[in-house]
Structure formats: C-alpha cells, structure tokens
Number of protein chains: 2
Amino acid sequence: MAEKVTLFAVAERAGVSIATVSRVVNGLTTNGPTEEKIRRAIDELGYEPNSAARALRVNASDQICLALPDLNNPVYQAMTRGVQRGFKLSKYRLMLSPSLSTTEEVILQLKSLGRNYADGVILSSLVFDEEIEKILSTLRIPVVLVGGAIDRPKYDNIRVDSERGVGMAVDYFFSAGRKKILFLNGPWITNPAKRRKEGFLESMRSHQIKNPENYIANAKAFNPKAAVEALSGIKKLNQFSAILCANDLLAAGAIKFLSGRKIKVPDDIAVIGIDNTDLAGLLTPTLTSVDFKAEYRGELAAKYLLERLENPNLPIKKTIIEPELIIRESA
Amino acid sequence: MAEKVTLFAVAERAGVSIATVSRVVNGLTTNGPTEEKIRRAIDELGYEPNSAARALRVNASDQICLALPDLNNPVYQAMTRGVQRGFKLSKYRLMLSPSLSTTEEVILQLKSLGRNYADGVILSSLVFDEEIEKILSTLRIPVVLVGGAIDRPKYDNIRVDSERGVGMAVDYFFSAGRKKILFLNGPWITNPAKRRKEGFLESMRSHQIKNPENYIANAKAFNPKAAVEALSGIKKLNQFSAILCANDLLAAGAIKFLSGRKIKVPDDIAVIGIDNTDLAGLLTPTLTSVDFKAEYRGELAAKYLLERLENPNLPIKKTIIEPELIIRESA
DNA sequence: CCTCATCATGTAAACGTTTACATGAATTTC
DNA sequence: GAAATTCATGTAAACGTTTACATGATGAGG
C-alpha cells in the first residue's frame with residue numbers, strides 16, 4: 001500500500017501552493033509555465049483528489065442514488081441499464097440502494113439520503129403513501145420519480161399510462177374475438193397492481209362485460225412460480241380464452257403452466273404479458289407484451305435528474321410514456 | 001428545503017459540546033442523563049451525520065464498489081443480487097460501476113477508486129492483463145476478485161471450475177450417446193470464453209475425439225441474437241446431435257433457432273447452457289444448464305470483502321466453486 | 001513615467017466530523 | 001476520610017479540499 005498523496009505533496013514537489021495545484025486540477029487557471037510543472041508532479045506522484053474532502057467542502061458528492069424495488073424483476077434490470085447509460089458520460093457515480101419493497105424500507109432509505117452522500121435520487125417505488133411523501137419533501141436533493149402512482153406535482157416525474165397499456169391488450173384480445181379474459185395480477189398492495197387492475201376493469205366494462213372483477217386472479221408475487229400457484233387455484237380455467245398477465249414473469253409462468261396442462265397457447269388460450277422484457281422473445285411461443293419502455297424510462301429519469309442538478313430552477317417535468325403492444329406469437 | 005443541521009446545532013440545543021453529541025451518535029458513551037437530552041435534540045432537529053465529513057475524518061467512505069462487465073447478462077444480475085444481499089445488513093452502501101467491457105474501461109474505473117470513495121471493491125472482469133494487475137496493486141483498498149482468470153495470489157478470489165463445468169456437460173452428452181457436439185462459444189477474447197473453450201477441448205479429447213477445435217463456433221456476443229447469427233453460418237448443422245452453449249442466453253437463441261428450423265430439442269439435437277440463470281426454467285423445452293452459482297458467488301464475494309474490511313490481516317481466501325449440472329428437458 | 005487594470009499566485013479560513021488529551025466530578029479502595 | 005480510580009465531558013486539532021481575499025508582477029494607456 002502506497003502512502004497517500006495529497007495536494008500538499010504535489011504542491012511541495014512542484015514548488016507552489018496547494019491553492020495553485022487545486023486550480024490547475026480544476027482547470028481554473030490558464031497555463032502559466034507552472035501548469036506543466038504541476039501536471040508532471042501529479043503524474044509522478046499519482047495524485048488523485050480525495051472525494052470526501054471535496055464533497056465536504058463543496059457540499060456535493062458527485063453521486064446519485066437509484067432506489068428500486070427489486071433487482072430480480074427484469075423490468076428493473078432494464079431500468080437500471082437505462083439509468084446507467086444516462087449517467088455514463090456524466091461525472092456522477094451511481095449508487096444502488098438495496099431492494100425496497102415495504103414502506104419502511106423506502107423510508108429508511110430516503111432518510112439515509114439526508115447524510116448527503118448523494119446529490120440526487122431516482123426513486124421507483126411500489127408503494128407510495130403520505131409518509132413517504134412527507135420524507136420526500138424534507139429531502140434537500142432533487143428527486144425524480146419514476147412510476148409514482150399518483151400525480152406528484154412537486155417532482156420530476158416519469159409515468160406510464162398503465163390503464164391505457166392494459167386497455168390495449170384487452171382491446172387486442174377482443175379484436176381477435178377473445179372475450180373471456182382472465183387478468184392475472186400481482187400482489188394487490190402495490191401501485192402497479194392497482195393501476196393495472198383499474199385499467200382492466202375499465203376496459204372490460206367498455207366492452208360491455210359485467211362484473212369484470214370476477215375475472216381477476218392475484219399472484220402472491222411478480223414471478224413465474226406465483227403465477228403457477230395462482231392458476232392452479234382456478235377451477236374452470238378452460239372457460240377462458242385469454243390471459244392477461246400483469247408482468248412478463250407471470251406470463252412466463254402462465255405459459256409453462258398451460259403447456260403443462262396440454263392447453264395450447266395461443267390456440268386454446270392466448271397470453272399477453274406486460275413490460276416486454278428481454279424474456280418475451282425467448283419464450284415458446286414468443287410472448288406478446290405491452291411495452292412500457294423501462295430502459296427508456298430509466299434513461300429519461302437520468303436525463304431529467306442531470307438537468308435538474310444542472311439547473312435547480314427548471315420547471316417540473318412530467319412525462320407520460322405511451323405504451324406499445326408488441327405482438328408476437330402468444331396472442 | 002430545510003437548512004442543514006450539523007453537530008453544532010444539536011450541541012447548542014442540548015447544551016453540550018459537539019464532542020459529546022458525536023459520542024452519543026456513535027454510541028461511545030453510556031447513558032448519562034445527557035444522552036436523553038441529546039437524543040431529543042437530534043430527533044427534533046432531524047439531524048443526520050454528514051457522510052463526507054465523517055469520510056474525510058476517519059478515511060472511510062462506508063461504500064463499496066461493484067465493478068461488473070455487463071448488466072444485460074443475467075449472470076451478472078444474479079451476482080449483483082448476491083452482493084446486494086451480502087451487504088444488506090452491513091453499514092456499507094453499494095456503488096455500481098458502469099459496465100466495463102474493455103481493458104481501458106476497467107483501468108479507468110480502478111484508477112478512479114484512488115479517490116477513496118470506496119472502502120473496497122468487488123471486481124469481476126472479462127479481461128485481465130498485466131496492466132490491470134499493476135493498477136490493482138497500487139490500490140489502497142481491499143479487492144475481491146470474482147472469476148479472475150489466472151490465479152492471483154494477492155487477492156481474495158472466487159473462481160469457478162470452468163473446465164470441470166464444461167466437462168460435466170460434455171460427459172453428460174456422451175453418457176446419452178451424443179458424441180457429435182458443437183460448442184457455441186462467446187467472444188473469444190474474454191476470459192470465460194477462453195476457459196470454457198479449454199475445458200471443451202480437453203474434455204472432448206478425453207473422449208477420444210480428434211480435432212475438437214473443429215467443433216467450435218464463436219458468437220459475437222453473449223446474447224441470443226448472436227447465437228442465431230452464429231448458427232446460421234454453420235452449413236451442416238444436422239451432423240451434430242448436441243450443442244453446448246457458453247451461456248444460457250446463447251442457449252436460448254440456439255433453441256429458438258433450432259425450433260425455427262423444425263429441429264427438435266432434445267430429440268434431434270440436445271442443448272445445454274451454462275450459468276443456470278432464471279431463464280433456464282422458463283424456456284421451452286426447459287434448459288439443462290451448468291450452474292456456476294453466480295448469486296452465491298456474489299454473496300460470498302461480499303462476505304469475503306466484509307471480513308477483510310473487518311480485519312485486513314486475514315490470510316488470503318481462495319474458493320473454487322464446484323459447478324453443478326442442472327438437468328431439465330433440453331438434454 | 002505614473003496610474004490603473006489584469007492576472008497568476010499565495011494565505012488562510014471553512015466545510016462537519018472524530019478523537020487525543022485535559023479536566024473535574026463521582027466512585028471506589030484501604 | 002484521604003488517595004486512587006473511573007468516567008463523562010469539554011477543548012482543540014486534524015482530515016484534504018475549495019475559494020474569498022490579499023499581494024505583487026506585468027502590461028496597457030495617457
């Protein structure tokens with residue numbers, strides 16, 4: 001382990017003051033003949049500025065925090081990639097919060113942001129209540145919300161038109177003459193689940209279906225196994241001609257389950273997923289899915305945050321992503 | 001935005017010195033009656049310690065850096081989850097480096113670690129040369145290597161017995177009477193590709209196959225599309241009775257490609273993947289795959305790093321993960 | 001040639017903690 | 001009951017930067 005080299009060491013070696021070195025490092029001074037000396041000293045000593053000292057002095061960490069529910073879900077993996085890409089060329093480092101499923105976890109995470117180790121945060125939470133809202137308002141760093149359920153007028157915001165997306169899928173089923181649609185939803189507490197459910201009910205009603213709430217099943221989690229479990233519990237599965245799944249993982253589970261029961265997809269039952277993750281093209285049959293453009297949302301969130309960090313007085317930006325139905329074999 | 005609250009504010013409010021407050025915050029003092037006062041002041045003011053100041057003073061950032069090649073690859077997603085889990089209960093925050101594919105990117109990332117924004121690093125690199133080795137040796141923070149190609153005696157190290165894993169797959173094919181095996185490898189520059197190739201050659205030779213190097217195809221990337229491209233270029237595909245893929249994504253592409261050509265998997269051609277990612281159970285047919293336990297490796301890497309941070313003088317730990325062949329339908 | 005502006009550089013304070021050391025009160029010990 | 005010990009608290013320095021201000025050199029303008 002080499003001993004640590006600070007501005008002092010460089011200054012001494014170059015025969016100047018630390019202030020001058022600092023200015024050269026930050027490009028605040030035009031090149032006197034000194035600059036050359038200093039640069040050489042920096043190279044020879046292998047000087048690297050100390051982030052903590054800088055952070056303390058200028059009150060900026062050059063880090064941003066990405067707070068997500070769950071890295072098991074490919075949709076958040078995609079979002080993470082987008083965010084990563086969005087920050088790639090910036091000076092900011094990316095912190096990954098641990099998975100935040102419950103309100104308590106979100107709160108804890110947000111509170112810890114008060115320690116100013118991050119200059120901004122991108123928050124995508126499954127839950128969103130007054131308590132979280134309250135903590136958000138005490139944060140002294142910019143926040144970009146992605147997929148916040150309710151309209152939050154105070155924060156840059158990237159939402160998805162869940163209702164519309166679900167509606168597109170339902171419409172597509174109907175246009176193919178499939179009217180007996182089962183909606184396989186995720187855990188009902190989460191915001192996406194609520195929104196998607198609303199979308200489903202509304203859309204079904206618009207097609208003159210009575211009591212659409214009878215055609216909803218809830219999986220215990222957003223994963224294939226939970227889908228299989230949920231579907232196993234349904235008595236008269238063959239009354240349905242289509243299944244809309246709240247997520248591609250559920251759809252993957254559904255397809256597995258159906259083919260295990262010798263039910264043909266899409267001939268007997270068509271299946272549509274949501275999120276259009278990488279998975280969709282790899283399943284058999286390939287999965288028709290509603291694309292909510294997670295990666296793009298991540299990238300856009302990064303862009304919004306960068307812009308706000310650049311200029312905190314910008315007007316609040318809100319974007320609603322238009323979903324797109326990507327048609328493949330399963331429906 | 002609330003004004004910032006420091007130790008001074010708390011101290012003033014509680015009528016004590018900042019040193020006392022600091023000690024209470026860090027639990028260095030048994031509860032006098034003062035503690036109560038201080039805790040109340042902290043609560044009322046909503047004090048949170050400033051990470052940068054602390055980091056500067058104690059020369060520790062409470063952050064660790066995870067440096068990975070590519071978040072598109074499910075194997076690194078799994079590893080990330082493992083690392084996340086491993087650090088969940090610790091005080092450390094997790095930084096995610098941008099994707100590091102080339103040597104230059106790795107070097108740049110490692111250099112930037114000299115700014116001590118991280119107390120340790122978990123590095124999993126596709127490439128590993130002297131230059132990287134040199135920079136590693138100048139780092140003043142502990143490093144855990146996961147999947148470093150060559151033995152690096154100086155660093156905690158979690159490797160996988162690639163050769164053995166590939167051998168298991170080959171053996172399994174042979175035991176099923178499939179001797180005409182194609183190895184669909186990834187980009188040849190990367191370390192995993194080299195190791196897996198070696199394993200394939202060696203294993204094939206042990207089964208008395210001459211010139212096994214003739215049975216290797218290289219995909220341009222570790223993804224399904226590249227697999228399809230590579231397989232399209234092979235003239236007499238039906239001479240083979242089995243395909244071993246260097247990665248589950250390649251296997252997914254292979255299965256798609258084969259079923260597109262009406263070649264039955266596994267009846268006509270059996271397929272085995274590597275990594276046993278979440279994907280494996282969702283494909284049709286489900287994918288037999290060599291499990292290299294990526295998530296576990298991530299978790300173990302976190303554990304090793306934590307232990308070393310705790311006690312820097314520990315002897316170097318090396319672990320070689322035993323692969324396991326998870327048999328499903330595709331072979 | 002004097003004045004004034006310009007500019008690179010140096011001086012020193014500040015950012016918010018932690019911690020070695022000093023102090024004095026409370027408690028123990030003989 | 002005096003001496004010794006323990007322990008909570010306070011004082012102040014230090015961590016490595018950035019930056020407002022002062023200083024002195026240089027060049028321009030009259």
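It should be emphasised that the depicted structure is a prediction, and the values quoted were computed from it without experimental measurement. Each chain gets a letter, A, B and so on, in the order the sequences are listed, and its residues count up from 1. These values consider heavy atoms only, across backbone and side chains, with no hydrogens, waters or symmetry-generated copies.
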Quiz prompt | Close side-chain approach of A:Leu306 and A:Phe87, heavy atoms under 4.5 Å | solution = yes
Mind calculating the distance between [atom1] ([X]) and [atom2] ([N]) to the nearest angstrom?
X: B:Glu48; N: C:dC15; atom1: CD; atom2: P; result: 20 Å
X: A:Asn50; N: D:dG16; atom1: CG; atom2: P; result: 7 Å
X: B:Asn26; N: C:dG16; atom1: CG; atom2: P; result: 17 Å
X: B:Phe8; N: C:dT17; atom1: CZ; atom2: C1'; result: 9 Å
X: A:Leu56; N: C:dG16; atom1: CG; atom2: P; result: 7 Å
X: B:Arg54; N: C:dC15; atom1: CZ; atom2: C1'; result: 17 Å
X: B:Arg115; N: D:dT17; atom1: CZ; atom2: P; result: 11 Å
X: B:Leu45; N: C:dG16; atom1: CG; atom2: P; result: 14 Å

Can you tell me if the side-chain N/O atoms of [X] get under 4.0 Å from OP1 or OP2 in [N]?
X: A:Thr6; N: D:dG16; result: no
X: B:Tyr117; N: D:dG16; result: no
X: A:Thr20; N: C:dG10; result: yes

Quiz item: Between A:Asp156 and A:Arg308, is there a salt bridge with N-O shorter than 4.0 Å?
Solution: yes
Quiz item: Is it true that B:Lys134 and B:Glu130 make a salt bridge, defined as a side-chain N closer than 4.0 Å to a carboxylate O?
Solution: no
Exercise. From the options B:Val83, B:Val160, B:Ile122, select the one residue that forms a side-chain contact (heavy atoms from CB on, under 4.5 Å) with B:Val146.
Key: B:Ile122
Quiz item: Quick one: which of B:Ser101, B:Ser97, B:Ser125 gives a side-chain contact (heavy atoms from CB on, under 4.5 Å) with B:Val106?
Solution: B:Ser125
As a test of reading the structure: which of [options] is closest to the side chain of [X], going by heavy atoms?
X: B:Val58; options: D:dT19, D:dT17, C:dT19; value: C:dT19
X: A:Ser22; options: C:dG10, D:dT19, C:dT17; value: D:dT19
X: A:Tyr47; options: D:dT19, D:dT17, D:dG10; value: D:dT17

Quiz prompt | Which residue lies more 5' along DNA chain C, comparing B:Leu7 with A:Val24 via nearest heavy atoms | solution = A:Val24
Quiz prompt | Residue met sooner reading DNA chain C from 5', once B:Ala52 and B:Leu28 are mapped to nucleotides | solution = B:Ala52
Quiz item: Can you find an N or O donor on one side and an acceptor on the other, under 3.5 Å apart, linking the side chain of A:Arg23 with the base of C:dG10?
Solution: yes
Exercise. Quick one: label B:Ser17 by what it contacts on the DNA or RNA (base, sugar-phosphate, nothing), any heavy atom closer than 4.0 Å.
Key: base
Practice problem: Map B:Ile18 and A:Ile18 onto DNA chain D by nearest heavy atom, then report which one ends up closer to the 5' terminus. | Solution: B:Ile18
